[in-house]
2 protein chains.
Amino acid sequence: MDFITEPMEIERRSMEIIAPHLSELHLDEAETKVYSRIIHAAGDVEYAPLIRIHPDAIRAAQEAFRSGRNIYTDVEMVRTGINKQKLSAFGGEVKCLIADENVAEMAKAEGITRSMAAMRTFGRELDGSIVAIGNAPTALFEVLRMAEEEGICPAVVVGIPVGFVGAADSKALLAQNGRIPYITVEGTKGGSPIAAAAVNAMLYML
Amino acid sequence: MDFITEPMEIERRSMEIIAPHLSELHLDEAETKVYSRIIHAAGDVEYAPLIRIHPDAIRAAQEAFRSGRNIYTDVEMVRTGINKQKLSAFGGEVKCLIADENVAEMAKAEGITRSMAAMRTFGRELDGSIVAIGNAPTALFEVLRMAEEEGICPAVVVGIPVGFVGAADSKALLAQNGRIPYITVEGTKGGSPIAAAAVNAMLYML
C-alpha cells in the first residue's frame, strides 16, 4: 500500500487532475476555485458543465462573510461541512433549525417539510445573509417564495439540493430568479458536501 | 410553484424513479434498499453499476447493530448523516475522532492524515464494529492495514471515500480484501452522505 498521506499534497494533486476538465469553461480565478472544490467534493468531473455561478455571487458572498453575516443551512450536514473557524473569524455563525422542536411542530401543523418550516422561521434574518441548501428542494422553493412574496433578499443563495423529486426544478427556478445572486448545479445531482464545498471555496479565498 | 411537500411522498416517488435503474442488477430486497438509498443521496443513477455489496455485508451489519455495536466514522459529516436515534435504540453510538486534539498531535508527529490517526487510535475497538468512511481514502487504507497487520476485524466496512487521489485505489483494495464484508462504490465518486445512506438503509430495515 503506497499512497499520499500529506493533506496539502493530496489537495494539490487533486486540483491538478481537475484542472483540464475546466479548461474550456472560460472561468476566472475565483470561479475556478469554486468549481474545483465542488468537483473535488463529489469526486465527479461531470459536475463541470452543470455548475452555474451568477456573476455577482462570489463577490456578494465574500462581502457578506466580511461583514460578519451568518450562514443559514437547510440540514445539519451542511452546517457540519462548513469551515466554522474561518467564518467565525469574521463574526459569522452557521445556523440550522432542522432539529428545532418548534420547527417540527410548525411542519406538522402546516403539512410542510421541516426544512421549509426552518427557512420560514428564519424569516427576515435571511436578508443580506448567506443561505446554503444541500439537501432539501423544499427549503429552496421556500426561500424563493419568501423572496417573491415577502421581499426577503439574502446576499447569496448556494442552492444545491439533491434528488429526483423537486431538486432540478428548484435549482432551475433559482437560476431564473432575477433578484438573488446564486451558485447552483443543474439537474438531480448535489448534496450537503457540494453546498459546503462551494461555501468553503469562497471562505478560503478571504 | 407547485411541488410535493410531504416527506414520505417525496421518498416514495424518488424510489419509484430509481427502481428501473436497478431492474437488471438482480438485487435482493435488502440490496435494493441499500442501492436505492445511495442513489437517492447522490441524485445520481450512474451509481447503480458501481455499487459493490459483499454477500455477507448487510447481515453482518445488522447483527452488529442489534448487538449494540458502535459505528466508527472518518469525519463528522458521516456521523451527522447517520440516524443516531435508530442506532441508540440498540445501544450503539457513532464515534468520530477527527476533531480530537490527541489525534491531531499524532497526525502531525507521524506525518499522516488526521483520519488515519483517528482510525489507529480506535484500534481494537473496531473489532466486530461497523466502520463507515465517507471522505478520506487514507482512513480506509489505514483500516485495511490494521486488518492485515494487526488482525483487527470490523463486522463490516462501509468504505465510500471520495476523490481523485487514492479513493478509487482504497476502494478496490477493500473489495479485494478476503476478510471483512464491505459496501463500496467503484471509482472516484462517493462522499459522506453516500456512506451515511448505506448505513441508514441497513438500520431502517431493522
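We use all heavy atoms of the structure for the numbers below, so side chains are in, but hydrogens, waters and symmetry mates are not. Sequence lines set the chain letters: A, B, ... in the order given, protein chains first and strands last, and positions in each chain run from 1. This structure is a prediction, so every number in the text was calculated from the model and none was measured.
When heavy atoms are compared at a cutoff of 4.5 Å, A:Ala136 does not approach chain B at all. Proximity to chain B is limited to the side chain of A:Met116, based on heavy atoms less than 4.5 angstrom apart. Only the backbone of B:Ala42 comes within contact range of chain A, judged by heavy atoms closer than 4.5 Å. Proximity to chain A involves both the backbone and the side chain of B:Val45, based on heavy atoms less than 4.5 angstrom apart. Contacts between B:Ala41 and chain A at a heavy-atom distance below 4.5 Å involve the backbone alone (N, CA, C, O).
Summarising the geometry of A:Glu76 relative to B:Thr80, their closest heavy-atom pair is CB-CG2, 3.5 Å, with the distance given to 0.1 Å. Nearest heavy-atom pair, A:His40 versus B:Val162, reported as atom, atom and distance to 0.1 Å: O-CG2, 4.2 Å.
Counting heavy-atom pairs under 4.5 Å between each of A:Glu46, A:Arg114, A:Lys189 and chain B puts A:Lys189 at the top. Ranked by heavy-atom pairs under 4.5 Å with chain B, the list A:Asp44, A:Ile112, A:Asp169, A:Ile39 is led by A:Asp44. Interface remark: of the candidates B:Ile4, B:Asn135, B:Thr188, B:Thr188 forms the most heavy-atom pairs closer than 4.5 Å to chain A.
With sequence neighbours excluded, no residue satisfies side chain to side chain donor-acceptor pair (under 3.5 Å) with A:Glu6.
The side-chain heavy atoms of B:Ser192 and A:Ser192, taken from C-beta on, include no pair separated by under 4.5 Å.
Residues of residues 9-27 of chain B that come within less than 4.5 angstrom of chain A, heavy atom to heavy atom, are B:Ile10, B:Arg13, B:Ser14, B:Ile17, B:Ile18 in numerical order.
Rounding to the nearest 0.5 Å gives a distance of 7.5 Å between CZ of B:Phe3 and OG1 of A:Thr113.
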